[in-house]
Asks: 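Okay, here's the structure, questions in a sec.
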Protein chains: 2
Amino acid sequence: MATIKDVAKLAQVSVATVSRVLNSNGYVNPTTKERVNKAISDLNYRPNDVARSLFKGRSKMIALFVPDIMNPYFPELARAVEDVTNQHDYTFVLCNTDDDIEKEITYLNALQQKSVDGIIIVSSTINKEHIQHINVPIIALDRILSSDLSSVTVTNREGAKEATEYLKEIGCERIAHICGPENASNTVQRLRGYLDVVKDEDWFLSSYVVSGGYNFDKAVEVTINLLKDHPEVDGIFAANDVMGVGVMKAAQSLGLRVPEDLSIIGFDGIALGKTTSPSLTTMAQPIYDIGARAAEILIEHINDKELLRKREEFTVKLIERESTKVRR
Amino acid sequence: MATIKDVAKLAQVSVATVSRVLNSNGYVNPTTKERVNKAISDLNYRPNDVARSLFKGRSKMIALFVPDIMNPYFPELARAVEDVTNQHDYTFVLCNTDDDIEKEITYLNALQQKSVDGIIIVSSTINKEHIQHINVPIIALDRILSSDLSSVTVTNREGAKEATEYLKEIGCERIAHICGPENASNTVQRLRGYLDVVKDEDWFLSSYVVSGGYNFDKAVEVTINLLKDHPEVDGIFAANDVMGVGVMKAAQSLGLRVPEDLSIIGFDGIALGKTTSPSLTTMAQPIYDIGARAAEILIEHINDKELLRKREEFTVKLIERESTKVRR
DNA sequence: CTATTGTGTGTAACCCGTTACATAGAATAA
DNA sequence: TTATTCTATGTAACGGGTTACACACAATAG
């Protein structure tokens with residue numbers, strides 16, 4: 001690979017002049033500039049980003065932490081972050097953390113050593129202390145990690161409330177909830193939204209809430225148990241779509257008709273919900289927009305270290321599909 | 001951030017000695033070593049990887065090109081590559097190419113400028129010429145890009161043949177095929193496997209093959225048309241699971257029972273196939289293993305520039321689920 | 001007892017850019 | 001006409017590591 005010295009030699013100028021041409025700063029005589037550009041293209045020269053990074057202390061890389069890219073919520077998020085990242089000439093690094101704090105810390109260190117410019121984090125385990133000594137901008141996504149971090153989230157509680165109310169509206173009289181893992185903040189929010197609607201109903205039982213850990217197989221299993229114990233349940237709000245589809249699978253395996261016998265609503269709005277028969281009604285998040293916005297805010301922080309903390313909250317939107325009865 | 005000089009000063013040695021301790025090479029007196037290690041931990045020093053990369057000309061980064069991480073086949077692949085990558089202390093860079101050669105070339109250049117150590121590519125557009133002047137090891141995944149590249153693929157043709165034969169065995173008498181996009185090499189292979197079985201059947205019609213572009217919505221659409229034109233079709237081999245689920249959706253929307261009226265088999269073995277009712281019978285690829293193996297071979301190439309080209313082919317395996325009639 | 005090898009450490013060049021600073025001629029201002 | 005500013009370019013330090021080479025002393029060999 002040609003270096004800036006080779007270009008300088010061929011164009012008969014100093015490396016400083018070549019650098020000026022490359023970065024369009026300082027004075028360069030148009031004739032000289034042309035000579036340098038010719039040398040650059042003749043040698044097919046491309047500046048070494050590593051050397052640049054070393055001097056600048058910045059690497060033009062952005063990392064995204066997700067628990068597991070195999071969870072279908074994350075690919076769209078990752079895609080959004082990558083797209084924005086690329087538009088701004090950053091390179092995108094993906095880190096699967098398994099919500100394992102050890103792995104997260106290892107990544108945090110490795111990325112710092114690589115002078116990564118910023119990190120977007122979806123995590124249930126990282127807290128203020130883990131990141132206080134990190135001098136790279138961090139954005140919390142989907143969940144809030146620390147009071148002094150910018151974040152992009154959604155109206156989990158309100159959305160959950162709306163989902164549950166929707167089930168009531170269409171005529172469900174016993175509504176259960178399959179919630180996520182206890183340690184995730186959005187599990188708590190969505191559960192609260194559900195309880196906001198049902199806790200004062202005379203039919204409400206605490207056993208109408210069971211945890212499916214945001215996991216398909218677990219959701220199938222707990223739903224089967226729930227429906228066996230409580231055949232009166234005619235509506236289920238699943239805290240995410242993966243579990244919503246699990247609930248549908250469970251219902252169908254028990255011979256229940258969806259939505260005639262059981263209405264199901266999910267949360268997230270991932271593509272999976274469109275593939276089932278019947279397709280899944282859901283409270284959809286603008287997943288791509290969330291990821292894109294997080295990346296934009298991160299880049300703002302990178303460009304302006306003094307930028308104040310931002311908190312942005314997207315609203316979720318009901319998508320009526322086939323897993324719920326038609327509104328009367 | 002502390003530098004090696006700070007450590008050297010604190011430990012009262014030269015930077016060379018610190019470097020020797022860090023890299024465990026050369027002679028270092030045990031006492032000195034201890035002093036250096038103390039200084040390192042006192043300062044919480046971590047070597048700057050950018051400086052290291054500049055000197056070494058290697059960055060400890062590996063990139064994966066996929067058409068689109070939102071296609072559910074790729075997250076598992078990406079996960080595998082990332083896991084292996086991490087085990088060997090590499091950082092994982094994900095690139096969504098949309099099978100757009102412009103984007104691919106842009107990435108190739110950007111990664112070279114970053115001294116990336118190796119690239120794993122899934123692409124239908126990149127060919128020999130695009131990569132001949134690239135001096136970084138490249139592995140072709142899922143599809144073969146160039147005769148001189150190591151690759152990891154699956155037995156597409158044999159798997160397709162087996163899938164089609166399976167439909168025959170369970171009693172299907174008119175078997176159609178929803179194929180992938182024309183430009184993908186595995187589309188061609190899977191189509192050949194299908195034709196190997198059916199081309200000499202007296203019932204076979206060329207209109208039994210339609211393209212669904214590996215896409216859910218497209219597959220739903222073309223299947224509806226196919227089944228309207230050819231109500232005699234009682235078995236469909238979809239070239240991937242996403243389309244297989246689309247076929248199921250189409251069949252159910254037409255009021256057909258699966259598998260009683262129509263048996264459906266997919267290809268890939270992604271998690272999606274387990275979520276539907278009925279669940280999707282498929283020719284499963286060992287997706288994780290494929291990705292992991294590609295990453296391992298890449299690392300072998302990185303460590304040994306003289307390593308000969310390797311061609312590894314994984315076999316696919318029938319997973320009988322509920323979308324096909326039971327074998328008589 | 002000298003020659004050789006092993007041990008332990010430091011100096012400085014190198015990787016490849018960027019940029020502060022120096023220099024100098026040309027253009028403009030006073 | 002002289003002072004000042006603008007234009008144009010070069011030299012060299014710098015970023016933070018790694019390592020070739022030099023040097024010195026200790027241990028072992030002959």
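So that the names make sense, note that chain A is the first sequence line, chain B the second, and so on, each numbered from 1. Since this is a predicted model, take the numbers as computed values, not measurements.
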Asks: Using a 4.0 Å heavy-atom cut-off across all strands, classify V18(B) as base, sugar-phosphate, or nothing.
Replies: nothing
Asks: Are the side chains of I62(B) and T91(B) in touch, meaning some heavy atoms are under 4.5 Å apart?
Replies: no
Asks: Between dT11(C) atom P and R20(B) atom CZ, what is the distance in whole Å?
Replies: 11 Å
Asks: Kindly indicate whether the side chain of F65(A), heavy atoms from C-beta on, has any atom under 4.5 Å from the side chain of S123(A).
Replies: no
Asks: Hey, does N23(B) reach any base, or is it just sugar-phosphate, or nothing, if we go heavy atoms under 4.0 Å?
Replies: sugar-phosphate
Asks: Whole angstrom is fine here: how far is it from CG in N48(B) over to P in dC15(C)?
Replies: 18 Å
Asks: Which of these nucleotides, dG10(D), dT18(C), dA20(D), is closest to any side-chain atom of V15(A)?
Replies: dT18(C)
Asks: Answer yes when R79(A) and D98(B) have at least one side-chain N-carboxylate O distance shorter than 4.0 Å, and no when they do not.
Replies: yes
Asks: Once you round it to whole Å, what is the distance between P of dG16(D) and CG of D6(B)?
Replies: 9 Å
Asks: Does the side chain of Y27(B) get closer than 4.0 angstrom to OP1 or OP2 of dT5(C) through an N or O atom?
Replies: no
Asks: Give one of base, sugar-phosphate or nothing for V50(A), where a contact means two heavy atoms less than 4.0 Å apart.
Replies: nothing
Asks: Given dG10(C), dT9(C), dG10(D), identify the nucleotide with an atom nearest to the side chain of A16(B).
Replies: dG10(C)
Asks: Flag the pair D117(A) / S59(A) as yes when at least one side-chain heavy-atom distance between them is below 4.5 Å, and no otherwise.
Replies: yes
Asks: What I'd like to find out is whether the side chain of V84(B) reaches to under 4.5 Å of the side chain of I299(B), using heavy atoms alone.
Replies: yes
Asks: Between atom NZ in K33(A) and atom P in dA8(D), what is the gap in whole Å?
Replies: 11 Å
Asks: With respect to the phosphate group of dT7(D), does any side-chain polar atom (N or O) of N29(A) fall under 4.0 Å of OP1 or OP2?
Replies: no
Asks: When the distance from CD of Q112(A) to P of dG16(D) is rounded to whole Å, what number comes out?
Replies: 14 Å
Asks: May I ask you to decide whether D42(A) forms a salt bridge with K38(A), counting only side-chain N to carboxylate O separations under 4.0 Å?
Replies: yes
Asks: Roughly how many Å is it from CG in N25(A) to C1' in dT9(D), rounded to a whole number?
Replies: 14 Å
Asks: Nearest to the side chain of S19(B), which nucleotide is it out of dA12(D), dG10(D), dT18(D)?
Replies: dT18(D)
Asks: Rounded to the Å, how far apart are I40(A) CD1 and dC16(C) P?
Replies: 16 Å
Asks: Residues of residues 54-63 of chain A with any non-hydrogen atom less than 4.0 angstrom from an atom of DNA chain D: list those, numerically ordered, please.
Replies: L54(A), F55(A)
Asks: For R143(B) and T153(B), which heavy atoms make the closest approach, and how far apart are they?
Replies: N-CG2, 4.1 Å
Asks: Using a distance-only criterion (donor-acceptor N/O pair, under 3.5 Å, no hydrogens), is the base of dG15(D) paired with the side chain of R52(A)?
Replies: no
Asks: Can you see if the side chain of T3(A) gets near the phosphate of dC15(C) - specifically, an N or O under 4.0 Å from OP1 or OP2?
Replies: no
Asks: Salt-bridged, D49(B) to K114(A), with N to O below 4.0 Å?
Replies: yes
Asks: Rounded to the nearest Å, what distance is computed from the CG atom of residue D49(B) to the P atom of nucleotide dG15(D)?
Replies: 19 Å
Asks: Does S53(A) place a side-chain N or O at less than 4.0 Å from the phosphate oxygens OP1/OP2 of dG15(D)?
Replies: no
